[in-house]
*Asks:* 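Mind having a look at this structure? Questions to follow.
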Amino acid sequence: MSPRPFRFGVQLRASGTRSDWVDSVRRAEDLGYETVFMPDHFGDQFAPIPALMAAADCSGMRIGMAVLDNDYRHPVVLAKEAATLDVLSDGRLELGIGAGWMRTDYEQSGIRYDPPAVRVDRFEEGLKVLKGLFADGPFSFRGKHYAVSELDGRPKPVQRPHPPIFVGGGGRRVLGIAAREADIVGINFDLRGGEVNAELGTQATPDVVNRKIGWIRDAAGERFDSLELNNLVYMAQVTDDRPGVAAMLAPAFGLSPEQALEVPFALVGTTDEIADDLRARREAYGISYVVMPEDAYVALGPVVKALAGT
């Protein structure tokens, strides 16, 4: 089977003025990025839903969340907001949704930080509610966390049966849910500890990433070939000194410099070296949808121009 063509997104946090936001989105579009993504945290960023609508208004880019925290929005409310975004963007939404992970968001907001298993249970139910409300006709659901009675979700999204659903994760259970229910599966660190730290580097080696691909394949069964595999690049640097930067980068991941260059969550080197790395990772893992970080998306523009759609 031929590999999927590359697609590229950029994750923008967005703060400042409307002009700043519009300029960033339009620059990303000019560089060849297909999708603008936003995270969902309570720090220094715009709220993702209205900011993404502004992005859709000022560009032809697709819009997505990487990813919304299910605990921050009741799925009935989110279904209406997401369908409205899809309608008003003429069918350009990619709906990213997850169980929530960043401990400080919960602590600072006062939202209860339940154990991972509870949050994942609630997220799994929320996903069923979203899909049910996107479908035609009245929908009812009764679970441990949500109950919906004969509600016909309106408006219906333009993309049918629903906008592409993007679920990312690093643990076996969440990746299994993504494999069964999502259209785009993001391969990430296991963030159940609630923070990003150097210990996560041991989850980024080729053996571990391949193990996660295996979990997805096992859970997806016959639908595996229809899934689009995605990853977020946490760190990228365009440089002529690939070995030197790798030596500096490695301690942050708890890896050797050689191992650090194999981490799919980092990109280091010249634009040609980075393009070669992305091709090799697509061959090794099947990852064809790559989301670049805000601080490097301009420098990575030549990589995107060279690989997008190929």
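In what follows, every heavy atom counts, from backbone to side chain, and hydrogens, waters and symmetry copies are set aside. We number each residue from 1, following the sequence as shown. Computed from a predicted model, the values in this text were never measured in an experiment.
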*Asks:* Sub-3.5 Å donor-acceptor pair from the side chain of Lys156 to the main-chain atoms of Leu133, do we have one?
*Replies:*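 At least one qualifying donor-acceptor pair exists.
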*Asks:* Please check if atom CZ in Arg223 has more than 12 non-hydrogen atoms from other residues, nucleotides or ligands closer than 6.0 Å.
*Replies:*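 Enclosed: over 12 neighbouring heavy atoms sit under 6.0 Å from CZ of Arg223.
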*Asks:* Identify the two heavy atoms, one from Phe139 and one from Val129, that lie closest to each other, and give their separation to 0.1 Å.
*Replies:* CE2-CA, 3.8 Å
*Asks:* Taking only residues at least two apart or on different chains, which pairs with a member in residues 242-253 satisfy salt bridge (charged side-chain N to carboxylate O under 4.0 Å, His left out)?
*Replies:*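 Residue pairs passing salt bridge (charged side-chain N to carboxylate O under 4.0 Å, His left out), neighbours aside: Arg242-Asp277.
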*Asks:* Taking Glu29 for its side chain and Gly60 for its backbone only, find out whether a donor-acceptor pair lies under 3.5 Å.
*Replies:*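 Indeed, once roles are kept as given, a pair shorter than 3.5 Å links the two residues.
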*Asks:* Between Tyr113 and Trp101 (side chain of the first, backbone of the second, donor and acceptor by atom type, cut-off under 3.5 Å), is there such a pair?
*Replies:* yes
*Asks:* So, do Ile187 and Ile216 sit near enough that their side-chain heavy atoms are less than 4.5 Å apart?
*Replies:* yes
*Asks:* If you look only at distance, which donor and acceptor atoms sit under 3.5 Å apart when one is on a side chain in residues 296-304 and the other is two or more places apart or in another chain?
*Replies:*
residue, atom, partner, partner atom, Å
Tyr297, OH, Ser24, O, 3.4

*Asks:* Quick one: closest heavy-atom pair of Gly64 and Thr35, and the distance?
*Replies:*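 It is N-CG2, 4.1 Å.
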*Asks:* When the side chains of residues 71-80 are checked against the rest of the protein, which donor-acceptor pairs come out under 3.5 Å, sequence neighbours left out?
*Replies:*
residue, atom, partner, partner atom, Å
Asp71, OD1, Arg122, NE, 2.8
Asp71, OD1, Arg122, NH2, 3.1
Asp71, OD2, Tyr106, OH, 2.7
Asp71, OD2, Arg122, NH2, 3.4
Tyr72, OH, Asp69, OD2, 3.2
Tyr72, OH, Asp105, OD2, 3.3
Arg73, NH1, Asp40, OD2, 2.7
Arg73, NH2, Asp40, OD1, 3.1
His74, ND1, Val76, N, 3.1
Lys80, NZ, Arg154, O, 2.5

*Asks:* Is any side-chain heavy atom of Leu227 closer than 4.5 Å to one of Asp183?
*Replies:*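 Of all side-chain heavy-atom pairs linking Leu227 with Asp183, none is under 4.5 Å.
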*Asks:* Any donor and acceptor pair, going by atom type alone, linking the side chain of Asn230 with main-chain N or O of Val290 inside 3.5 Å?
*Replies:*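 No; zero donor-acceptor contacts below 3.5 Å.
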*Asks:* I'd like a table of donor-acceptor pairs (distance under 3.5 Å, sequence neighbours excluded) in which one partner is a side-chain atom from residues 251-262, with atom names and distances.
*Replies:*
residue, atom, partner, partner atom, Å
Ser256, OG, Gln259, N, 3.1
Ser256, OG, Gln259, OE1, 3.3
Gln259, OE1, Ser256, N, 3.0

*Asks:* Can you list every pair that meets ring pair (Phe, Tyr, Trp, His ring centres under 6.0 Å) and has a residue in residues 226-252, with sequence neighbours left out?
*Replies:*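 Counting only pairs at least two positions apart or across chains, the ring pair (Phe, Tyr, Trp, His ring centres under 6.0 Å) contacts touching residues 226-252 are Phe189-Tyr234.
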*Asks:* Testing the basics here: between Val67 and Gly98, what is the closest heavy-atom pair and its distance to 0.1 Å?
*Replies:* CG2-N, 3.6 Å
*Asks:* When you measure from the side chain of Asn210 to the backbone of Pro206, do you find a donor-acceptor pair of N or O atoms at a distance under 3.5 Å?
*Replies:* yes
*Asks:* Report the C-alpha distance between Arg173 and Glu124 in whole Å, list the side-chain angles of each, state the deciding distance to 0.1 Å, and finish with yes or no for salt bridge (charged side-chain N to carboxylate O under 4.0 Å, His left out).
*Replies:* CA-CA 10 Å; Arg173 184 179 174 201; Glu124 191 169 18; 3.3 Å; yes
*Asks:* How close do Asn231 and Pro264 get, heavy atom to heavy atom, and via which atoms?
*Replies:* ND2-O, 2.7 Å
*Asks:* Can you tell me if Gln159 uses its side chain to pair, donor with acceptor, with the backbone of Leu93 under 3.5 Å?
*Replies:* yes
*Asks:* When you measure from the side chain of Asp190 to the backbone N and O of Arg192, does any donor-acceptor pair fall under 3.5 Å?
*Replies:* yes
*Asks:* What pair of heavy atoms forms the shortest contact from Arg282 to Ser288, and how long is it?
*Replies:* CD-CB, 4.1 Å
*Asks:* Is there a side-chain contact between Pro155 and Thr84, using heavy atoms and a 4.5 Å cut-off?
*Replies:*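 They are in contact (side-chain heavy atoms under 4.5 Å apart), so the answer is yes.
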*Asks:* Taking all non-hydrogen atoms of both residues, which atom of Met38 and which atom of Ala51 are closest, and how far apart?
*Replies:*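 In this case the closest contact between Met38 and Ala51 is SD-CB, 3.4 Å.
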*Asks:* Can any side-chain N or O of Arg281 pair as donor or acceptor with the backbone N or O of Val263 at less than 3.5 Å?
*Replies:* yes
*Asks:* With side chains defined as the heavy atoms from C-beta onward, is the minimum distance between Thr270 and Glu273 less than 4.5 Å?
*Replies:* yes
*Asks:* Salt bridge or not between Asp30 and Arg27? Use side-chain N to carboxylate O under 4.0 Å.
*Replies:* no
*Asks:* When you look at CD of Glu150, are more than 12 heavy atoms from neighbouring residues, nucleotides or ligands closer to it than 6.0 Å?
*Replies:* yes
*Asks:* Are Phe265 and Phe37 connected into the same hydrophobic cluster when the rule is that any two of I, L, V, M, F, W, Y join if their side-chain heavy atoms are below 4.5 Å apart?
*Replies:* yes
*Asks:* Is there a donor-acceptor pair under 3.5 Å between the side chain of Asn70 and the backbone N or O of Ala99?
*Replies:*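 Answer holds: no.
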*Asks:* Taking the basic N atoms (NZ, or NE/NH1/NH2) and the acidic carboxylate oxygens, is any pair closer than 4.0 Å for Lys212 and Asp207?
*Replies:* no
*Asks:* Provide the full list of side chain to side chain donor-acceptor pair (under 3.5 Å) pairs with a residue in residues 89-99, sequence neighbours left out, each pair given once.
*Replies:*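 Side chain to side chain donor-acceptor pair (under 3.5 Å) check on residues 89-99 returns Arg7-Glu94, Arg62-Glu94, Glu94-Tyr289.
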*Asks:* Give a yes or no on whether the backbone of Gly221 and the side-chain of Arg180 come within a donor-acceptor separation of less than 3.5 Å.
*Replies:* no
